[in-house]
Structures are given as C-alpha cells and as structure tokens.
Amino acid sequence: DAKTTQPPSMDCAEGRAANLPCNHSTISGNEYVYWYRQIHSQGPQYIIHGLKNNETNEMASLIITEDRKSSTLILPHATLRDTAVYYCIVTGTYKYIFGTGTRLKVLA
Amino acid sequence: DAGVIQSPRHEVTEMGQEVTLRCKPISGHDYLFWYRQTMMRGLELLIYFNNNVPIDDSGMPEDRFSAKMPNASFSTLKIQPSEPRDSAVYFCASSPGLEPDTQYFGPGTRLTVL
C-alpha cells in the first residue's frame with residue numbers, strides 16, 4: 001500500500017500557484033519525499049524530492065513540515081501543460097509505490 | 001538523446017498468445033527497470049537490471065513473465081502465455097544510478113489481452 005494520502009483532484013487557474021498537499025504520517029527518518037507527475041499517455045516524470053528541508057528547482061518547490069508528516073508541492077505559475085496526475089511518494093530505497101495521486105487540472 | 005524508446009506503443013492480443021515488449025534505454029545508463037501500471041494496483045516495479053544483469057525480480061508476478069537484457073542497449077519483457085489480467089501499461093525506465101530521481105521513463109506500451 002502507498003504510504004501517502006493525496007486529494008483525488010484539484011483545479012487551478014492558469015498563471016496562479018498550484019499547491020498540492022500530501023500526508024505521509026508514517027514516514028521513517030531515512031525516507032525521502034519524492035514527487036512525480038504523469039501527463040496523459042506518457043511515462044512518469046520526476047519533479048523534485050527532499051528529506052526535511054524545503055527544496056526548489058526549475059520546476060517546483062517542495063515544502064516539508066517540521067515533523068515531516070506532510071508536504072506541499074508548489075507549481076508557482078501553473079500553465080495548461082501542467083495538467084497531469086501528481087504523485088507523492090515516500091521511500092528510502094529504489095522501490096516505491098505510486099498511489100492514486102492528485103489529478104490537477106489547470107484551467108484557462 | 002531520444003530518451004527511452006519502447007515498442008510497440010500499443011499491443012492487442014488474444015489470451016494464450018506470447019507477447020514481447022521491447023525497450024532501448026538511454027545510452028550510458030547502467031540501470032534498466034520494467035514497471036507495470038494498472039488502475040487497481042498503480043505503478044509496480046517488476047524487475048531491474050544493472051549492467052545487463054537482473055538484480056531484483058521479486059516484482060515479477062508469475063513464471064509466465066520473463067525479462068532479458070542481452071546487451072546494454074536492448075531489453076525485452078515477455079509474457080507467455082498472456083492472460084486478460086495482464087492488460088496494463090508497461091513502462092521501461094533507465095537511469096545512471098539507483099536513486100529514484102535519476103530514472104527516465106519511456107512512453108509505455110499499452111497491452112490489451114482479450
């Protein structure tokens with residue numbers, strides 16, 4: 001079973017920030033939080049990951065709470081091309097389980 | 001680089017037939033992974049290779065499934081005989097290391113077994 005809980009769907013207006021939450025209350029000390037997305041009919045694409053500090057790259061920002069039991073993926077200026085299913089994954093190894101994810105729809 | 005290449009993109013076959021899925025990893029990547037994605041079970045790791053050697057095949061569901069990597073630029077996943085419950089999207093991914101953030105996925109093969 002996936003170790004994470006995400007809302008099934010969210011909408012976001014184009015140009016606005018998309019904030020995608022994830023709960024991972026049973027995360028272990030050596031486990032990272034990874035985010036992937038899957039655009040329709042494509043393979044999963046890595047976005048960002050972190051252990052306990054907030055992270056930012058050219059695609060997104062990752063905010064992890066101090067107790068590490070939840071995190072938020074932030075797409076600062078969502079575009080129509082960001083419409084996809086976003087997966088939050090917790091793992092300390094190469095093995096991970098994709099849950100059902102959050103289906104993000106960016107609206108024009 | 002063209003990325004990970006998979007063929008065919010779509011495969012429709014009848015129960016009992018042999019199915020072979022193909023993957024060409026990114027050049028220079030030492031690791032190759034095969035995944036299966038279904039609505040019910042999400043994305044599952046079936047097997048991975050390091051330098052053409054199978055390392056962990058614990059995710060391979062049954063003896064009907066087999067995977068090979070005869071060289072660094074080619075891998076196959078074979079199902080014989082196929083069953084309707086094998087219907088899924090099969091992804092191949094390659095990476096220079098084992099870390100999840102270094103994996104690049106192919107476009108997948110959508111398999112339908114009638």
Side-chain angles (χ1 to χ4, degrees), chain A residues 1-9 22 24 27-28 30-62 64 71 73 81 84-103, chain B residues 2-11 21 23-26 29-50 54-60 77 88-112:
Chain A
D1 292 331
K3 298 180 182 180
T4 62
T5 304
Q6 299 177 251
S9 64
C22 179
H24 32 80
I27 191 171
S28 300
N30 64 340
E31 291 181 318
Y32 285 76
V33 180
Y34 288 83
W35 282 84
Y36 277 77
R37 73 180 181 184
Q38 192 168 17
I39 296 171
H40 182 60
S41 297
Q42 296 184 22
Q45 177 189 25
Y46 164 78
I47 301 173
I48 197 168
H49 75 284
L51 184 62
K52 55 182 178 181
N53 297 322
N54 298 337
E55 303 288 345
T56 296
N57 63 20
E58 65 279 4
M59 290 183 69
S61 294
L62 174 61
I64 302 174
S71 60
L73 178 74
R81 288 176 296 180
V85 179
Y86 287 78
Y87 297 97
C88 169
I89 300 150
V90 165
T91 185
T93 74
Y94 60 89
K95 286 190 175 182
Y96 47 87
I97 299 173
F98 277 43
T100 53
T102 296
R103 186 173 297 276
Chain B
V4 176
I5 299 172
Q6 291 187 246
S7 65
R9 292 295 311 276
H10 302 274
E11 176 80 35
L21 311 181
C23 175
K24 176 179 170 56
I26 293 173
H29 282 187
D30 293 333
Y31 293 83
L32 184 139
F33 305 79
W34 281 100
Y35 292 89
R36 177 172 68 176
Q37 186 174 37
T38 62
M39 290 291 292
M40 292 295 293
R41 300 175 66 86
L43 190 77
E44 306 171 275
L45 175 65
L46 300 177
I47 186 172
Y48 88 88
F49 294 82
N50 178 214
I55 303 298
D56 182 353
D57 65 354
S58 59
M60 296 286 265
L77 178 67
V89 181
Y90 291 81
F91 288 103
C92 174
S94 73
S95 68
L98 261 185
E99 298 79 14
D101 59 301
T102 63
Q103 290 188 27
Y104 292 83
F105 283 78
T109 295
R110 180 172 296 276
L111 173 65
T112 302

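Here the structure is a predicted model, which means the values were calculated and not measured. Residue numbers start from 1 in every chain, and the chains themselves are labelled A, B, ... in the order their sequence lines are given, proteins ahead of strands.
Atom CD of residue Glu99(B) and atom NE2 of residue His49(A) lie 8.5 Å apart, to the nearest 0.5 angstrom. To the nearest 0.5 angstrom, Ile89(A) atom CD1 is 8.0 Å from Leu43(B) atom CG. In this structure, CD on Gln103(B) lies 5.0 Å from OH on Tyr36(A), to the nearest 0.5 angstrom.
With a 4.5 angstrom heavy-atom cutoff, Arg9(B) touches chain A only via side-chain atoms. Within the 4.5 angstrom heavy-atom criterion, only backbone atoms of Thr93(A) (N, CA, C, O) approach chain B. Looking at Gln37(B), only its side chain comes within 4.5 Å of chain A, counting heavy atoms on both sides. Only the side chain of Leu45(B) comes within less than 4.5 Å of a heavy atom of chain A; its backbone N, CA, C and O stay farther away. Looking at Thr109(B), there are no atoms closer than 4.5 Å to chain A (heavy atoms on both sides), in backbone or side chain. Using a 4.5 Å cut-off between heavy atoms, Gln45(A) does not touch chain B at all.
For OH of Tyr32(A), the number of neighbouring non-hydrogen atoms (other residues, nucleotides, ligands) closer than 6.0 Å is 12 at most.
Pro44(A) pairs in a side-chain contact (heavy atoms from CB on, under 4.5 Å) with only one of the listed residues (Tyr35(B), Tyr104(B), Phe91(B)), which is Phe91(B).
For the residue pair Asp101(B) and Tyr46(A), the shortest heavy atom distance occurs at CB-CE1, 3.1 Å.
Of the listed residues Gly59(B), Gly106(B), Pro100(B), the one with more heavy-atom pairs under 4.5 angstrom with chain A than any other is Pro100(B).
There is a side-chain donor-acceptor pair under 3.5 Å between Tyr94(A) and Asp56(B).
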